[in-house]
Structures are given as C-alpha cells and as structure tokens.
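For the single chain, residues carry numbers from 1 onward in sequence order. Keep in mind it's a predicted model, so treat the numbers as computed, not measured. Values below: all heavy atoms of this structure, side chains included; hydrogens, waters and symmetry mates excluded.
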Amino acid sequence: MEPILEWLAQTDIATYLRNSRWGFAAVNTAHIFGISILFGSILTLDLRLLGLWRKVPIAPFSYALPRIAAFGLALAVITGILLFSVRPNEYAALGVFRIKLALICLGFLTALLAHARGSLHNDNRRQQMVTGVVSIFCWAGALICGRLIAFMA
C-alpha cells in the first residue's frame, strides 16, 4: 500500500494541488458541493422513508433523488481522491479517515440493497424505516468524519 500512496503523492496533480492555493481551494469547493448534493438528496429521500410527507407518493422521490445523489457522490469521490493525493500517507494513517470510508461504503451498499430489494417502493414500513435510519447514520457519520479529518491532519 505504501508504494501506491507514494506514487499518488508524486503525481503532477497532487504536486499542483499542494503548491496551488486556488487549485486546492477549487477542488475543495467542488468536493463540498458534491457532498451537499449527495447528502441533501439522500436526506430528503430518507426522511420520506421515515414517514415525512406521507401524502406525497414515494415514486417521485425514489426516481429523482437517487440520480441526483449519484451525481453528488461521483463528484465527491473524484474530488476526494484529488484532495487525498495531497497528503495520502498522512490521511491514510488517520482512523477517522478509515471510518469515513467504511461509512461511505456502508451507505452506498445500503442504497444498492434498498433498490435491489425494492424497499423504496413496497409497503413494508419497517424495511423503509431501517433503510432510512441506516442511511442517515452512514452519510451523516461520513460527513462528520470528513470534517474531523481537517482538524486531525
């Protein structure tokens, strides 16, 4: 793993971002934008799964919001890798960073499982509530861990 992290730190883009105040700031801003899109759309869908806005059919939520969240996730992952490349050894050593990655993976798997089981469209309230709670926990936890990285690195 160490050679991969060293290689990543030596890439041209990592060097540029380490030495460019505005380049790093632009990538960081795009990362926050991606996270905002992801979390905002996922939270809205999860709150609907938990019972808010029951008079509104779930179909519009479950059609549009996962697609918006996927765009936010893609933007956050791409920019996150770029930000990670600036100090990969230091970030990889942080427990909070590893927890963040685990929560992202669990949140993503929860979404995939919910779609595969059809729990967004069935009337199984318990299944919808479990999906909503786990999803909120994962994504909010990843967000919190991401902020903590800034104070630990």
Side-chain angles (χ1 to χ4, degrees), residues 1 4-5 8 11 13-14 17 22-153:
M1 184 67 151
I4 294 170
L5 296 177
L8 184 59
T11 60
I13 190 72
L17 291 174
W22 297 113
F24 186 87
V27 172
N28 193 40
T29 300
H31 188 64
I32 298 301
F33 187 60
I35 292 167
S36 300
I37 293 168
L38 168 65
F39 190 66
S41 56
I42 288 296
L43 182 62
T44 304
L45 178 58
D46 290 340
L47 291 175
R48 175 58 183 87
L49 290 173
L50 292 174
L52 267 66
W53 314 296
R54 285 183 196 223
K55 292 184 179 187
V56 179
I58 199 162
F61 287 89
S62 65
Y63 176 78
L65 295 176
R67 288 162 174 77
I68 295 167
F71 171 77
L73 180 61
L75 181 59
V77 167
I78 291 166
T79 55
I81 291 168
L82 292 173
L83 294 171
F84 178 78
S85 74
V86 172
R87 298 188 318 209
N89 290 313
E90 191 174 340
Y91 293 141
L94 294 174
V96 72
F97 177 76
R98 292 189 297 273
I99 293 169
K100 175 185 174 179
L101 292 182
L103 288 169
I104 291 169
C105 290
L106 183 57
F108 182 70
L109 290 174
T110 299
L112 289 179
L113 186 59
H115 286 282
R117 288 190 324 205
S119 61
L120 300 181
H121 300 287
N122 66 27
D123 290 330
N124 186 332
R125 291 286 308 131
R126 183 167 191 258
Q127 199 175 62
Q128 288 180 345
M129 292 186 78
V130 168
T131 298
V133 168
V134 171
S135 178
I136 289 171
F137 171 80
C138 290
W139 296 113
L143 183 66
I144 292 165
C145 288
R147 281 309 306 144
L148 289 175
I149 290 169
F151 296 101
M152 299 177 126

>> Run Phe108 and Leu103 through side chain to side chain contact (heavy atoms under 4.5 Å, CB included) and show every step you take.
In response: CA-CA 8 Å; Phe108 182 70; Leu103 288 169; over 6 Å; no
> Looking at Met152 and Val96, what are the two nearest heavy atoms and their distance?
Replying inline: SD-CG1, 3.4 Å
>> Looking at every heavy atom in both Ile37 and Phe71, which two are closest together, and how far apart are they?
In response: CD1-CE2, 3.7 Å
> Taking the side chain as C-beta and beyond, is there a heavy-atom pair between Leu43 and Leu47 under 4.5 Å?
Replying inline: yes
> Arg147 side chain to Leu143 main-chain N or O, any donor-acceptor pair under 3.5 Å?
Replying inline: no
> About how many Å separate CG of Leu148 and CD1 of Ile99, when rounded to the nearest 0.5 Å?
Replying inline: 9.0 Å
> Heavy-atom distance under 4.5 Å between the side chains of Thr131 and Arg117, does that happen here?
Replying inline: yes
> Are any of the side-chain heavy atoms of Leu49 and Met129 separated by less than 4.5 Å?
Replying inline: no
> Is it true that atom CZ of Phe24 has more than 12 heavy atoms of other residues, nucleotides or ligands lying nearer than 6.0 Å?
Replying inline: yes
>> Between Ile35 and Leu38, is the side chain to side chain contact (heavy atoms under 4.5 Å, CB included) condition met? List the steps.
In response: CA-CA 5 Å; Ile35 292 167; Leu38 168 65; 5.6 Å; no
>> Using a 3.5 Å distance criterion without hydrogens, assess whether the side chain of Arg48 forms a donor-acceptor pair with backbone atoms of Phe61.
In response: no
> Between Tyr63 and Arg67, is there a cation-pi geometry (under 6.0 Å to ring centre, at most 45° from the normal)?
Replying inline: yes
>> If I take atom CD1 from residue Ile78 and atom NE2 from residue His31, how far apart are they, to the nearest 0.5 angstrom?
In response: 11.5 Å
>> Show the nearest heavy-atom pair for residues Ile104 and Trp139, with the distance to one decimal.
In response: O-CH2, 3.7 Å
> What pair of heavy atoms forms the shortest contact from Leu8 to Thr11, and how long is it?
Replying inline: O-OG1, 2.9 Å
> When rounded to the nearest 0.5 angstrom, what distance separates CZ in Phe137 from OG1 in Thr110?
Replying inline: 10.5 Å
> If you round to the nearest 0.5 Å, how far is CG of Leu45 from OG of Ser135?
Replying inline: 7.5 Å
> Is the closest side-chain heavy-atom distance between Ser85 and Ile81 below 4.5 Å?
Replying inline: no
>> Is the shortest side-chain heavy-atom distance between Thr44 and Trp53 below 4.5 Å?
In response: yes
>> To the nearest 0.5 Å, what is the distance between CD on Gln128 and CG on Asp46?
In response: 11.0 Å
> Between Leu83 and Tyr91, is any pair of side-chain heavy atoms under 4.5 Å apart?
Replying inline: no
>> Checking Leu50 against Ile136 for the side chain to side chain contact (heavy atoms under 4.5 Å, CB included) test, could you report, in this order, the C-alpha distance in whole Å, the side-chain angles of both residues, the deciding distance, and whether it holds?
In response: CA-CA 10 Å; Leu50 292 174; Ile136 289 171; 3.7 Å; yes
> Are the side chains of Ile42 and Leu65 in touch, meaning some heavy atoms are under 4.5 Å apart?
Replying inline: no
> Does the pair Leu5 and Phe84 meet the rule for a side chain to side chain contact (heavy atoms under 4.5 Å, CB included), with working shown?
Replying inline: CA-CA 10 Å; Leu5 296 177; Phe84 178 78; 3.7 Å; yes
